[in-house]
Amino acid sequence: MPPPFLVVGESVADVISPRGGRPTTHPGGSPANVAYGLARLGEAVELLTELGDDEDGMLLRTHLERAGVGVRVGRPDPARRTPRATAVLDGTGAARYEFDIEWALDPAAPAPRCRHLHTGSLAVLLEPGASTVRQVVDEARVEATVSLDPNIRPALSGSPPEARARVERLAAVADIVKASDEDLQWLYPGDTLDAAAGRLLRCGPALVVVTRGAAGACARTAAGMVDVAAPPTRVVDTVGAGDSFMAAMLHELARRDLVGAARRCRLRELDADLVRQVLGVAARAAAVTVSRAGAALPTRDELRA
């Protein structure tokens, strides 16, 4: 049986710049955060990514491997720099990002087998790496369920129609799509969140989840809508909140034996109570993450507590 999780996507050095404070560098990148979060929750996970042979690359690799993530990178390239994102925080802790990123995943880098593949963010929108990611997804889904988080970064995602076409093509081969309210507002300007989620659901996934910050989260399935509230928490910053939600949701689905191609039909038959329980776990994980600086995703013990 293949190992549980493979995450495919970018690893980024997040430079957190609070108003009036000193910038600090944290490991980040949405896919890398999800891999880290899964490992912190006790899951076996590998990350297929790209890192430079530089200080930021060493920071990211050490951070991931200490959590238990198996890090796989393409062919060595001395000229490659590890991607950077500067997050400028406003008075509420919300982040505005500025990016210095290239994404060119090596097509020759072998993708390990898995029972579930997660991808998203710049990895599925930024060429030339996005085309390689699609190939990996198409090959993996024979054995694996697939999840997608578009995690839109407007400065690097192309125009909304271009990004929407890419996201919908991947949603058509995904089992689970998670998007924030801001993602959907950018992808589908003028649509309500419910209408936008419905458009993604009609592409083919079994489950479309929308995170709404302090307003909680909701999920669309063929059977209808499920809503959960956000647990009360003190917000330090929102960096990594969506990734924490994603990792905990996948962890909970795996705990309930709902990942892997053989479970695809069961995902399409989830009842509202089970979806609500899964989203509740994910919302608690996000609440822990926003209560501390950077993408500090919870451990399994912290989530249970």
Side-chain angles (χ1 to χ4, degrees), residues 11-41 59-60 63 67 84-99 120-122 149-155 178-186 193 197 209-219 226-252 276-305:
S11 302
V12 180
D14 279 340
V15 182
I16 309 298
S17 184
R19 291 182 64 182
R22 183 186 298 273
T24 56
T25 302
H26 301 262
S30 178
N33 286 343
V34 172
Y36 176 78
L38 284 166
R40 295 264 287 175
L41 292 170
L59 171 72
L60 284 157
H63 166 78
R84 283 197 137 209
T86 300
V88 181
L89 305 181
D90 65 18
T92 69
R96 174 176 57 82
Y97 289 90
E98 300 169 359
F99 295 97
S121 195
L122 298 174
D149 178 1
N151 197 34
I152 296 296
R153 303 303 185 196
K178 195 278 292 181
S180 71
D181 49 1
E182 293 178 346
D183 293 337
L184 294 186
Q185 288 159 3
W186 189 85
L193 291 182
V209 177
V210 182
T211 56
R212 303 171 303 191
C218 60
V226 173
D227 220 326
V228 296
T233 189
R234 181 180 66 89
V235 176
V236 173
D237 68 51
T238 61
V239 177
D243 304 325
S244 183
F245 187 103
M246 187 82 235
M249 180 169 66
L250 295 178
H251 163 70
E252 190 66 8
R276 189 172 292 107
Q277 291 169 30
V278 170
L279 296 191
V281 171
R284 290 201 301 275
V288 173
T289 298
V290 302
S291 72
R292 48 203 191 189
L297 282 66
T299 64
R300 183 164 48 187
D301 288 344
E302 287 174 328
L303 187 56
R304 288 173 176 169

Taking salt bridge (charged side-chain N to carboxylate O under 4.0 Å, His left out) as the definition, give me every residue that meets it alongside D149, ordered by chain and number, with sequence neighbours left out.
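Partners of D149 under the salt bridge (charged side-chain N to carboxylate O under 4.0 Å, His left out) test: K178.
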Say you draw a straight line from [atom1] of [X] to [atom2] of [Y]; how long is it, rounded to the nearest 0.5 Å?
{"X": "T211", "Y": "D183", "atom1": "OG1", "atom2": "CG", "result": "7.0 Å"}
{"X": "D243", "Y": "N151", "atom1": "CG", "atom2": "CG", "result": "6.0 Å"}
{"X": "S11", "Y": "L60", "atom1": "OG", "atom2": "CG", "result": "5.5 Å"}

[X] and [Y]: which non-hydrogen atoms are nearest, and at how many Å?
{"X": "S180", "Y": "V210", "answer": "C-CG1, 4.2 Å"}
{"X": "A217", "Y": "D227", "answer": "O-OD1, 3.1 Å"}
{"X": "L184", "Y": "A179", "answer": "CD2-CB, 3.9 Å"}
{"X": "G120", "Y": "P31", "answer": "O-CG, 3.8 Å"}
{"X": "L41", "Y": "R300", "answer": "O-CD, 3.6 Å"}

Are any non-hydrogen side-chain atoms of [X] and [Y] less than 4.5 angstrom apart?
{"X": "Y36", "Y": "P27", "answer": "no"}
{"X": "M249", "Y": "M246", "answer": "yes"}
{"X": "I152", "Y": "Q185", "answer": "no"}

Going by side-chain hydrogen bond (donor to acceptor under 3.5 Å, both in side chains), name the residues that satisfy it together with R84, two or more places apart in sequence or in a different chain.
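Applying side-chain hydrogen bond (donor to acceptor under 3.5 Å, both in side chains) to R84 gives D56.
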May I ask you to decide if H26's main-chain N or O and D14's side chain share a donor-acceptor pair within less than 3.5 Å?
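No, D14 side chain to H26 backbone: no donor-acceptor pair under 3.5 Å.
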Only pairs under 3.5 Å count here: list side-chain donor-acceptor contacts from residues 281-292, not counting sequence neighbours, and write none if there are none.
| from | atom 1 | to | atom 2 | distance (Å) |
| --- | --- | --- | --- | --- |
| T289 | OG1 | S244 | OG | 2.9 |
| T289 | OG1 | A285 | O | 3.2 |
| S291 | OG | V288 | O | 2.6 |
| R292 | NE | A296 | O | 2.9 |
| R292 | NH1 | E302 | OE2 | 3.1 |
| R292 | NH2 | A296 | O | 3.1 |
| R292 | NH2 | L297 | O | 3.4 |
| R292 | NH2 | E302 | OE1 | 3.0 |

Looking only at side chains, do S30 and N33 share a donor and an acceptor under 3.5 Å apart?
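N33 and S30 do not have a side-chain donor-acceptor pair below 3.5 Å.
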